[in-house]
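What follows is a single structure, written as structure tokens, with notes after it.
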Amino acid sequence: MSIVVSNLTKTYGTQKAIDSLTFEVRPGEIVGFLGPNGAGKSTTMKILTGYLSATDGQAQLMQHNVATAPMQARRAVGYLPEHNPLYLDMYVKEFLLFIGKLYGLKGNALSQRLQQMLDLCGLTLEQHKKIGQLSKGYRQRVGLAQALIHDPAVLILDEPTTGLDPNQLTEIRALIKTAGSNKTVLFSTHIMQEVEALCDRVIILNRGRLVADSSLSDLRREGESLEEVFRKLTA
Ligand SMILES: Nc1ncnc2c1ncn2[C@@H]1O[C@H](COP(=O)(O)OP(=O)(O)OP(=O)(O)O)[C@@H](O)[C@H]1O
């Protein structure tokens, strides 16, 4: 399994943001992580990527426990956080080189990987611009390039297409599909068509609890649209 989450719980003060979540993601799957605002999606992703610690339960990425083997787990994952925090004063190329070095890349391996990421993410012409000068769609490309630069087995993307215009949205979706073709991808979104276009499976949370874990083909067989299923389970 690429991702294993068992009985994962996170409490903020007296509020349980996630409550005994258990699910697994197989190698190569693209899984849509859905739920209404505040359901606990970002909290789960932050625990998986080592930005938060769990109150209880366990999570593993590529067999590495995120709490007890954090360095190995972090190397196995690329993360695009919600709102894509970037250093706006850095140049695109400079930023990607900086992130590559943080992952231990150097010399030819670093230059080759940078070139591959600029090509893959369509950033070649923008590489000498400051990140702050880029449109939102191009900033998302930079966010994806930084998540991919160390060639992780797992990609975790928190609402990667929020706030994009329809053209940029289509381009970023295509990029996720290409970049994720040989990876395991867990990504959150509120756009149901996106899940239908990209995912093999959906996991739905509601108020911190898992309320559905199903392949899209099983959902379709039952004759309900994803939107109907979502509404029924999270109303
Ligand atoms: N740092 C924090 N301190 C206190 N409560 C928090 C904190 N972060 C999140 N929460 C709460 O935990 C719950 C889950 O939040 P989370 O951001 O994980 O949800 P989400 O499903 O990602 O929502 P959205 O779709 O709006 O991004 C919410 O009730 C939220 O207010």
Side-chain angles (χ1 to χ4, degrees), residues 3-25 29-61 66-67 70 73-74 77-86 136-137 139-140 143-144 146-147 154-165 168-169 172-173 176 180 184-199 201-214 216 219 225-235:
I3 305 176
V4 178
V5 168
S6 44
N7 294 313
L8 203 67
T9 299
K10 177 72 185 178
T11 308
Y12 294 115
T14 53
Q15 187 198 354
K16 263 190 187 168
I18 54 170
D19 189 359
S20 292
L21 277 191
T22 296
F23 65 86
E24 294 181 342
V25 183
E29 273 191 309
I30 300 191
V31 175
F33 202 42
L34 309 184
N37 293 127
K41 304 178 296 295
S42 297
T43 299
T44 309
M45 290 176 153
K46 285 179 192 163
I47 295 171
L48 283 171
T49 50
Y51 285 82
L52 274 181
S53 54
T55 309
D56 210 347
Q58 283 192 18
Q60 283 181 16
L61 293 174
V66 300
R74 277 187 183 217
V77 68
Y79 176 41
L80 177 58
E82 193 177 12
H83 311 307
N84 189 10
L86 293 169
K136 188 151 190 206
R139 287 187 199 185
Q140 288 304 85
L144 280 165
Q146 67 78 29
V154 179
L155 262 187
I156 294 190
L157 312 173
D158 197 353
E159 299 193 30
T161 57
T162 299
L164 299 182
D165 72 38
Q168 292 181 331
L169 199 141
I172 294 296
R173 250 183 230 168
I176 293 171
T184 306
V185 185
L186 181 70
F187 84 98
S188 66
T189 178
H190 291 291
I191 308 171
M192 300 297 145
Q193 299 146 289
E194 188 156 283
V195 175
E196 283 170 342
L198 286 176
C199 297
R201 222 170 94 209
V202 284
I203 291 174
I204 307 179
L205 301 189
N206 189 36
R207 297 190 189 141
R209 288 178 172 268
L210 192 141
V211 292
D213 179 351
S214 182
L216 279 185
L219 285 182
S225 74
L226 185 53
E227 198 161 329
E228 284 166 339
V229 173
F230 182 91
R231 288 234 189 86
K232 208 159 69 182
L233 293 173
T234 62

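Keep in mind that the numbers below use all heavy atoms, side chains included, and drop hydrogens, waters and symmetry copies. Whatever order the structure lists ligands and atoms in, that order sets their numbers, starting from 1.
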Next on the checklist: Strictly by ring-ring contact (aromatic ring centres under 6.0 Å, His included), give each pair with a member in residues 36-57 just once, sequence neighbours left out.
Outcome noted: Tyr51-Tyr79
Checklist outcome for this item: Closest non-hydrogen contact found for Leu210 with Leu205 is CA-CD2, 4.0 Å
Next on the checklist: Quick check: do Val77 and Ile3 have side-chain heavy atoms less than 4.5 Å from each other?
Outcome noted: no
Item to check | Arg139 atom CZ, over 12 foreign heavy atoms within 6.0 Å | outcome: yes
Item to check | Enclosure of Glu228 CD (heavy-atom neighbours >12, cutoff 6.0 Å) | outcome: yes
Item to check | Heavy-atom check, side chain of Cys199 versus side chain of Leu216, under 4.5 Å | outcome: yes
Please tabulate, one line per pair, the protein N or O atoms found under 3.5 Å from any N or O atom of ligand 1, giving the distance to one decimal.
unit_1: ligand 1; atom_1: 8 (N); unit_2: Tyr12; atom_2: OH; d: 3.4
unit_1: ligand 1; atom_1: 18 (O); unit_2: Thr43; atom_2: N; d: 2.9
unit_1: ligand 1; atom_1: 18 (O); unit_2: Thr43; atom_2: OG1; d: 2.6
unit_1: ligand 1; atom_1: 19 (O); unit_2: Gly40; atom_2: N; d: 3.2
unit_1: ligand 1; atom_1: 21 (O); unit_2: Ala39; atom_2: N; d: 3.1
unit_1: ligand 1; atom_1: 21 (O); unit_2: Gly40; atom_2: N; d: 2.9
unit_1: ligand 1; atom_1: 21 (O); unit_2: Lys41; atom_2: N; d: 2.9
unit_1: ligand 1; atom_1: 21 (O); unit_2: Lys41; atom_2: NZ; d: 2.8
unit_1: ligand 1; atom_1: 22 (O); unit_2: Ser42; atom_2: N; d: 2.8
unit_1: ligand 1; atom_1: 22 (O); unit_2: Ser42; atom_2: OG; d: 2.8
unit_1: ligand 1; atom_1: 23 (O); unit_2: Gly38; atom_2: N; d: 2.8
unit_1: ligand 1; atom_1: 25 (O); unit_2: Asn37; atom_2: ND2; d: 3.3
unit_1: ligand 1; atom_1: 25 (O); unit_2: Lys41; atom_2: NZ; d: 2.8
unit_1: ligand 1; atom_1: 25 (O); unit_2: Glu159; atom_2: OE2; d: 3.4
unit_1: ligand 1; atom_1: 25 (O); unit_2: His190; atom_2: NE2; d: 3.0
unit_1: ligand 1; atom_1: 26 (O); unit_2: Asn37; atom_2: ND2; d: 2.9
unit_1: ligand 1; atom_1: 27 (O); unit_2: Glu82; atom_2: OE2; d: 3.2
unit_1: ligand 1; atom_1: 27 (O); unit_2: Glu159; atom_2: OE2; d: 3.4
unit_1: ligand 1; atom_1: 29 (O); unit_2: Gln15; atom_2: NE2; d: 2.8

